[in-house]
Amino acid sequence: MFYERVIFVVSMTNSKKDYQKILASVQKPVIGEAGKTGTWSKLKPIIDLGKCIPVKSGKPSCFNCWLFCPEAVITRTIPPRIDLEYCKGCGICMEECPVKAIKMVEEKSK
Ligand code: SF4
Ligand code: SF4
């Protein structure tokens, strides 16, 4: 349902800035609402900070990973941090990162 609203919002706006502003106001779940989802998956995201836009620029920009994470486990900080205790390994953050700074790895390979 959240993503249906996202598609609707994006279709109603023309710029990324507009839709980020609107999406930021969409209600999201809080950390831990679905329990310790970190136990659900064998895949976990890793951020390559050398590619991450806010880390490289030193400015609070992008944060698509924070915006789209359905578990709200990524911080809107420089650098962004992921709470793996509650990350369910869905890979949405990887899909939404514009510079491919996030990759999903097997739990064992971390
Ligand atoms: S894989 Fe990424 S988007 Fe999915 S829950 Fe974990 S941090 Fe959030
Ligand atoms: S989406 Fe990618 S570039 Fe943007 S803040 Fe997250 S990791 Fe960095």
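All residue numbers in this chain count up from 1 along the given sequence. Computed from heavy atoms alone, side chains included, the values below leave out hydrogens, waters and symmetry copies. Each ligand, and each atom within it, is numbered from 1 in the order the structure gives.
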> What are the two closest non-hydrogen atoms of K51 and V99, and how far apart are they?
Replying inline: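 So the minimum-distance heavy-atom pair works out to O-CG2, 3.3 Å.
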
> What are the two closest non-hydrogen atoms of A101 and C52, and how far apart are they?
Replying inline: CB-N, 4.0 Å

If you count the atoms of ligand 2 from 1 in the order shown, which ones are under 4.0 Å from a heavy atom of [X]?
X	answer
F63	4 (Fe), 5 (S)
V99	3 (S)
N64	1 (S)
C52	3 (S), 5 (S), 7 (S), 8 (Fe)
C97	1 (S), 2 (Fe), 3 (S)

Between [X] and [Y], is any pair of side-chain heavy atoms under 4.5 Å apart?
X	Y	result
L43	E106	yes
R76	F63	yes
K88	P70	yes

> Taking atom 2 (Fe) of ligand 1 as the centre, how many protein N/O/S atoms fall inside a distance shorter than 2.8 Å?
Replying inline: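 The number of such protein atoms is 1.
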
> For the atom pair SG (C87) and CD1 (I92), what is the distance rounded to the nearest 0.5 Å?
Replying inline: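 CD1 of I92 is found 10.0 Å from SG of C87.
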
> How many angstroms lie between atom SG of C69 and atom CD of E96, to the nearest 0.5 angstrom?
Replying inline: 11.0 Å

>> Give the atom numbers and elements of ligand 1 that come within less than 4.0 Å of a heavy atom of P70.
In response: 3 (S)

>> Judged on heavy-atom distance to atom 4 (Fe) of ligand 2, which of P98, P54, C62 sits nearest?
In response: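 Of the listed residues, C62 has the closest heavy atom.
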
>> Just to confirm my output: which protein heavy-atom neighbour is closest to atom 3 (S) of ligand 2, and how far is it?
In response: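 Result for atom 3 (S) of ligand 2: I53 N, 3.3 Å.
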
>> Quick test of your reading of the model: are E85 and K36 salt-bridged, counting only N-O distances below 4.0 Å?
In response: yes

> Any chain of hydrophobic side-chain contacts (each under 4.5 Å) joining I53 to L67?
Replying inline: no

> Counting distance only, does the side-chain N/O of K103 pair as donor-acceptor with the main-chain N or O of D48 below 3.5 Å?
Replying inline: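 No, K103 side chain to D48 backbone: no donor-acceptor pair under 3.5 Å.
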
